[in-house]
Amino acid sequence: MVVEWIHVENSKVRLQLIPALGGGIGRLDVRHPSAEWIPVLRPWNGRVEDGPFELGCNVLVPFSNRISHGGFEHGGAFHPIPPNLAGQPFPIHGDGFQRCWRLLARNGETVELECDGAIGPFRYRARQVFTLWPEKLDIKLTVHNMSGQPLPFGIGFHPWFPRNVGTRLQFSAAEVWLEDREHLPTGRRKLCEVPDWNFGDGRALPDQWINNAFGGWAGEAVIMQGDGAASVRISASDNLGYALLYTPNADADFFCFEPVSHPVDAHNLAGRPGLRILEDGQELTGSMTLEWEEAYGTR
């Protein structure tokens with residue numbers, strides 16, 4: 001199967017968008033001083049049959065990560081949500097990453113995509129605006145509640161970065177959420193109590209599995225790469241106050257650092273941290289910027 005893609009390029013960077021695969025990013029490469037292209041995000045393998053999680057970045061809407069118990073209660077009613085991925089017992093990451101997005105507008109190095117989604121009780125329209133600059137990529141995500149009722153919405157971004165022996169990650173946060181075997185939260189710990197989880201000074205990724213949310217994230221992270229990948233700074237809007245870090249082990253050639261609005265299973269947690277109740281017709285917007293400056297090793 002061949003899918004259409006949108007290509008945006010300037011003298012320093014090139015971007016490939018795949019509207020049919022959840023409006024995701026297939027490639028984001030920067031031009032090295034040697035004139036070769038090096039990846040900022042893990043390059044897509046080009047095989048549509050492998051699904052959207054082989055892309056370089058996915059969008060998470062109308063929620064991030066897993067929702068347990070077959071759904072959630074709100075407004076005096078239980079709202080069921082069936083699993084949406086084969087092999088997964090819980091619904092995960094909404095369904096925006098599974099939708100075919102349509103091109104709304106293109107003006108120079110700015111591209112606007114849109115999709116309509118429906119999962120569980122959620123009915124929505126989502127919009128992504130990509131703006132490419134020589135030194136950065138800005139992505140703005142907006143979700144518009146069209147469910148006919150108020151519901152707790154969440155959003156986020158799911159970039160996949162190359163991992164090599166030189167990869168290091170630096171970010172500040174206040175706490176880490178622990179997970180069980182079903183990847184649901186079991187509690188949280190202050191990072192000052194668990195130094196092995198603290199990336200505040202920059203460190204290599206762990207050799208073992210990690211798939212945890214970090215709360216009180218400062219909204220910025222730096223990825224320092226070895227040869228073959230571009231170092232990058234990630235920043236996110238204030239309402240994306242959590243970051244999820246995922247990598248299976250030291251043999252993996254990727255890792256994920258995901259700016260999101262809420263922790264895993266927030267719909268079933270006390271206080272529903274990070275979620276936003278949208279009345280019918282209301283919108284929620286968040287943004288992420290990936291920046292490759294000289295200080296981060298790309299020029």
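With Gln16 contributing its side chain and Trp44 its backbone, the two residues share no donor-acceptor pair below 3.5 Å. For the pair Asp95 (side chain) and Gly117 (backbone), a donor-acceptor distance under 3.5 Å is absent. At least one donor-acceptor pair closer than 3.5 Å links the side chain of Asn239 to the backbone N or O of Thr285. When atom types are taken as modelled, the side chain of Asn65 and the backbone of Asp265 share no donor-acceptor pair closer than 3.5 angstrom. The backbone N or O of Tyr246 lies less than 3.5 Å from no partner atom in the side chain of Asn211, so there is not a single donor-acceptor pair. Panel note: side chain Arg233, backbone Glu220; no donor-acceptor pair is recorded below 3.5 Å. In this structure, Arg99 contributes its side chain and Ala118 its backbone to a donor-acceptor pair below 3.5 Å. Under a 3.5 Å cut-off, the side chain of Ser261 and the backbone N or O of Gly154 do not form any donor-acceptor pair.
Distance CZ/Arg127 to SG/Cys115: 11.0 Å, rounded to 0.5 Å. Distance check, rounded to the nearest 0.5 Å: CG of Leu41 to CG of Leu28 gives 5.0 Å. Note: Leu60 CG to Leu141 CG = 8.5 Å, rounded to the nearest 0.5 Å. Distance check, rounded to the nearest 0.5 Å: CG of Leu113 to CG of Leu17 gives 6.0 Å. One distance of note links CD of Glu291 with CD1 of Ile234; it measures 11.5 Å at 0.5 Å rounding. The OG atom of Ser235 lies 8.0 Å from the NZ atom of Lys136; values are rounded to the nearest 0.5 Å.
Looking at residues two or more places apart in sequence or on another chain, you find a salt bridge (charged side-chain N to carboxylate O under 4.0 Å, His left out) between Arg14 and Asp29. The side-chain hydrogen bond (donor to acceptor under 3.5 Å, both in side chains) test applied to Arg102 returns Glu114, Asp116, not counting sequence neighbours. The ring pair (Phe, Tyr, Trp, His ring centres under 6.0 Å) test applied to His69 returns no partner, not counting sequence neighbours. The ring pair (Phe, Tyr, Trp, His ring centres under 6.0 Å) test applied to Phe90 returns no partner, not counting sequence neighbours. Every residue two or more places apart in sequence or in another chain was checked for a salt bridge (charged side-chain N to carboxylate O under 4.0 Å, His left out) with Arg42, and none qualifies. Judged as a salt bridge (charged side-chain N to carboxylate O under 4.0 Å, His left out), and not counting sequence neighbours, the contacts of Asp50 are Arg47. The ring pair (Phe, Tyr, Trp, His ring centres under 6.0 Å) test applied to His74 returns no partner, not counting sequence neighbours. With sequence neighbours left out, the ring pair (Phe, Tyr, Trp, His ring centres under 6.0 Å) criterion links Tyr124 to no other residue.
A heavy-atom distance below 4.5 Å is found between the side chains of Val8 and Arg106. You'll find the side chain of Val40 stays beyond 4.5 Å of the side chain of Leu137, heavy atoms only. Taking the side chain as every heavy atom from C-beta outward, Trp101 and Val59 approach each other to under 4.5 Å. You'll find the side chain of Phe255 reaches within 4.5 Å of the side chain of Ile223, heavy atoms only. Contact of the Leu244 side chain with the Val264 side chain is registered, since non-hydrogen atoms from C-beta on lie closer than 4.5 Å.
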Val260 and Leu240: CA distance, side-chain angles, deciding distance, side chain to side chain contact (heavy atoms under 4.5 Å, CB included) verdict: CA-CA 5 Å; Val260 298; Leu240 302 184; 5.6 Å; no

Test log, rule side chain to side chain contact (heavy atoms under 4.5 Å, CB included), inputs Trp5 and Arg27: CA-CA 11 Å; Trp5 49 273; Arg27 298 190 68 102; over 6 Å; no

From CA spacing to verdict: side chain to side chain contact (heavy atoms under 4.5 Å, CB included), Leu21, Glu54: CA-CA 10 Å; Leu21 288 179; Glu54 290 297 328; over 6 Å; no

Check against side chain to side chain contact (heavy atoms under 4.5 Å, CB included), Leu15 and Val111: CA-CA 11 Å; Leu15 170 68; Val111 176; over 6 Å; no

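The aromatic rings of His267 and His262 lie perpendicular to each other, with more than 60° between the two planes, well past the 30° mark.
Linking Ile, Leu, Val, Met, Phe, Trp and Tyr whenever their side-chain heavy atoms come within less than 4.5 Å leaves Val176 and Leu184 in two separate clusters. Cluster annotation: Val194 and Leu169 are assigned to the same hydrophobic cluster (Ile/Leu/Val/Met/Phe/Trp/Tyr, side-chain heavy-atom contacts under 4.5 Å, transitive).
Nearest heavy atoms, Gly215 versus Tyr242: CA-CD2, 3.7 Å. Here the shortest heavy-atom pairing between Arg203 and Asp196 reads NH1-O, 2.8 Å. In terms of heavy atoms, Gly120 sits closest to Ile81 at CA-CG1, 4.0 Å. Shortest non-hydrogen contact noted between Asn10 and Pro134 is ND2-N, 3.6 Å. Scanning both residues, Ala236 and Pro259, for their nearest heavy atoms gives CB-CB, 3.8 Å. When every heavy atom of Gly228 is checked against every heavy atom of Pro39, the shortest pair comes out as O-CD, 3.3 Å.
A salt bridge is defined here as a Lys NZ or Arg NE, NH1 or NH2 lying under 4.0 Å from an Asp or Glu carboxylate O, and Glu135 with Lys12 fails to meet this definition.
Pairs engaging residues 130-156 under the ring-ring contact (aromatic ring centres under 6.0 Å, His included) rule: Phe122-Phe153 [sequence neighbours left out]. Legend: side chain to side chain donor-acceptor pair (under 3.5 Å) pairs involving residues 273-282, not counting sequence neighbours: none detected. The salt bridge (charged side-chain N to carboxylate O under 4.0 Å, His left out) contacts involving residues 175-192 comprise Glu175-Arg188, Arg189-Glu193, where partners must be two or more places apart or lie in separate chains.
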Listing, residues 157-167 side-chain donor-acceptor contacts under 3.5 Å, not counting sequence neighbours, or none:
residue : atom : partner : partner atom : Å
His158  : ND1  : Trp160  : NE1          : 3.3
His158  : NE2  : Glu258  : OE2          : 3.4
Trp160  : NE1  : Asn58   : OD1          : 2.8
Trp160  : NE1  : His158  : O            : 3.4
Arg163  : NH1  : Thr247  : OG1          : 3.1
Arg163  : NH1  : Asn249  : O            : 3.0
Arg163  : NH2  : Pro206  : O            : 3.0
Asn164  : OD1  : Gly166  : N            : 2.9
Asn164  : OD1  : Thr167  : N            : 3.2
Asn164  : OD1  : Thr167  : OG1          : 3.2
Asn164  : OD1  : Gly226  : N            : 3.3
Asn164  : ND2  : Asp227  : O            : 3.4
Thr167  : OG1  : Asn164  : N            : 2.9
Thr167  : OG1  : Asn164  : O            : 3.3
Thr167  : OG1  : Gln225  : OE1          : 2.6

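No option in Pro263, Pro152, Ser64 other than Pro152 meets the side chain to side chain contact (heavy atoms under 4.5 Å, CB included) test with Leu275.
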